Amino acid sequence: MNNLIPFAVNLLDCLSELHDDEDRWELVLTQLASVGFNALNILCFSPESGDIHWVRSSMSKDWLELYDRSGSANGDPMLAQVRNGTESLYVRAASLRNGGRHSEKVVALNHGLKSAGYMHLYSLVVPCPENEAKLVVISSDRPDADDVMRHQQREMRILATVLATNLGADMPSDHGRVYDIADVLLDGPRLTKREIEVLGHLAQGHRNDRIAEMLGLSEITVRTHIRSARDKLDAPTREAALVRAVQLGLIG
């Protein structure tokens, strides 16, 4: 796992000889497993709107079904990258505790990952042509993955970029190793980029008039964004909306 750049270069060379998405995914999953990675998720979305186009995951079917049943998408910090603008993220499973700033759902997801064998996860948002971006999430259960994912950012970025730019969504529905989980991820509240931006400024203590000035909007437009965000988050007050947005990872 410590020689990721030669691995990524060799993987890119092998992928250049394949033109079918299914063949490419099969090659990638086999090669990733050979160096200690045990799952790959790729999500394609529009950076401006946050709209999700497609999602593919090689995580276990049992884990994905549990993720769906428990509504974990609403507390997934990596999925929140689609909306909050975070470029890269490292998550260590079973690292969160109840009673802190994280919701029970976020803590449960964090500990569930360990039980499913996904101990270390690294994610990167990769800009792509045609106003698209891909969120790449790579998982490992190896002890040394912690150091690699946290301290070898350049190597992880190169690998994630190779994956994002060479893997697509053209997979048979009964593939068996790669699952389409777009429906699972579309159940949560879908705030716009502007609504998240307004809530972020609100969380910093700015008044509506100051937020309007900072964003070049009218004050009534700011109030409209706040009201819309409250409705989507099912929050009775703006304070409740801020708490809910933090729990979902939409704002820091």
Side-chain angles (χ1 to χ4, degrees), residues 1-2 4 25-26 28-43 52 55-84 86 88-125 134-152 156 159-160 163 167 171 173-189 244 246-250 252:
M1 186 175 282
N2 287 321
L4 287 183
W25 273 92
E26 289 286 359
V28 164
L29 295 180
T30 299
Q31 292 298 314
L32 287 177
S34 73
V35 293
F37 295 107
N38 62 359
L40 170 65
N41 298 336
I42 296 185
L43 181 154
I52 296 173
V55 192
R56 297 294 182 270
S57 173
S58 73
M59 287 180 160
S60 74
K61 191 171 184 179
D62 287 344
W63 166 250
L64 293 174
E65 289 176 348
L66 176 60
Y67 183 97
D68 185 13
R69 290 197 306 272
S70 61
S72 293
N74 284 336
D76 191 332
M78 290 183 162
L79 178 58
Q81 288 177 250
V82 171
R83 293 163 285 176
N84 65 19
T86 302
S88 65
L89 191 64
Y90 165 73
V91 170
R92 178 185 175 91
S95 61
L96 303 182
R97 297 291 178 266
N98 288 315
R101 62 183 293 267
H102 300 284
S103 68
E104 291 184 5
K105 184 168 291 187
V106 172
V107 175
L109 169 62
N110 182 257
H111 285 261
L113 286 166
K114 179 182 179 180
S115 300
Y118 306 118
M119 191 66 198
H120 307 279
L121 298 100
Y122 171 86
S123 61
L124 179 72
V125 174
K134 290 179 182 175
L135 174 66
V136 178
V137 182
I138 312 172
S139 166
S140 176
D141 59 358
R142 285 180 44 160
D144 62 334
D146 183 331
D147 180 69
V148 173
M149 291 180 178
R150 290 193 300 119
H151 301 300
Q152 298 186 36
M156 290 300 299
L159 176 57
L163 299 175
L167 293 176
M171 301 286 293
S173 58
D174 59 348
H175 182 266
R177 291 185 71 188
V178 181
Y179 302 98
D180 180 352
I181 60 169
D183 290 345
V184 174
L185 305 185
L186 294 176
D187 291 338
R244 176 72 168 145
V246 169
Q247 291 177 338
L248 293 176
L250 300 176

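This one's a predicted model, so the numbers in the text were calculated from it and none came from an experiment.
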* Structure fact -> Value for CG (Leu43) from CG (Leu79), rounded to nearest 0.5 Å, stands at 6.5 Å
* Say you draw a straight line from CD of Gln81 to OG of Ser123; how long is it, rounded to the nearest 0.5 Å? -> 3.5 Å
* Asked: Atom CE in Met149, atom CE in Met119: separation rounded to 0.5 Å?
  -> 11.5 Å
* Structure fact -> One should read off an interatomic distance between Arg150 CZ and His120 NE2, to the nearest 0.5 angstrom, of 9.5 Å
* Output yes when a side-chain donor or acceptor of His111 lies under 3.5 Å from a complementary backbone atom of Leu96, and no otherwise. => yes
* Asked: Is it true that atom CD of Glu104 has more than 12 heavy atoms of other residues, nucleotides or ligands lying nearer than 6.0 Å?
  -> no
* **Value rounded to 0.5 Å, distance of CG in Leu40 from OG in Ser58** => 5.5 Å
* Any side-chain heavy atom of Asn110 sitting closer than 4.5 Å to one from Lys114? -> no
* **Non-hydrogen side-chain atoms of Leu163 and Ile138 separated by less than 4.5 Å** => yes
* To do: Among Ile181, Asp76, Leu113, find the one that has a side chain to side chain contact (heavy atoms under 4.5 Å, CB included) with Tyr67.
  => Asp76
* Which distance, rounded to the nearest 0.5 Å, do you find between the CZ of Arg142 and the CZ of Phe37? -> 8.5 Å
* Beyond-backbone contact of Arg97 with Val107, side-chain heavy atoms, under 4.5 angstrom -> no
* Does Ser57 use its side chain to pair, donor to acceptor, with the backbone of Tyr179 at less than 3.5 Å? -> no
* Is a side-chain N or O of Asp141 found less than 3.5 angstrom from the main chain of Asn38, in a donor-acceptor match? -> no
* Asked: Taking all non-hydrogen atoms of both residues, which atom of Ser140 and which atom of Gly36 are closest, and how far apart?
  -> OG-O, 2.6 Å
* Return yes if a side-chain donor-acceptor contact under 3.5 Å exists between Asp62 and Ser60, otherwise no. => no
* Asked: Can you name the side chain to side chain donor-acceptor pair (under 3.5 Å) partners of Tyr118, sequence neighbours left out?
  -> none
* To do: Assess whether side-chain contact (heavy atoms from CB on, under 4.5 Å) is satisfied between Val148 and Leu4, documenting all intermediate values.
  => CA-CA 9 Å; Val148 173; Leu4 287 183; 3.6 Å; yes
* Any side-chain heavy-atom pair from Met156 and Ser88 closer than 4.5 angstrom? -> no
* Going by heavy atoms in the side chains, are Leu167 and Val136 under 4.5 Å from each other? -> no
* Asked: Under 4.5 Å between any side-chain heavy atoms of Leu159 and Leu32, yes or no?
  -> yes
* To do: Tell me, with the steps shown, if Trp25 and Val28 meet side-chain contact (heavy atoms from CB on, under 4.5 Å).
  => CA-CA 5 Å; Trp25 273 92; Val28 164; 5.6 Å; no
* Arg56 to Val178 - nearest heavy-atom pair and separation -> CB-CG1, 3.7 Å
* So which heavy atom on Asp146 is nearest to which on Arg92, and how close? -> OD2-NH1, 3.1 Å
* Do the side chain of Ser72 and the main chain of Leu109 share a donor and acceptor less than 3.5 angstrom apart? -> no
* Asked: Can you tell if the side chain of Arg177 reaches within under 4.5 Å of the side chain of Thr30, non-hydrogen atoms only?
  -> yes
* Asked: Are any non-hydrogen side-chain atoms of Met171 and Asp180 less than 4.5 angstrom apart?
  -> no
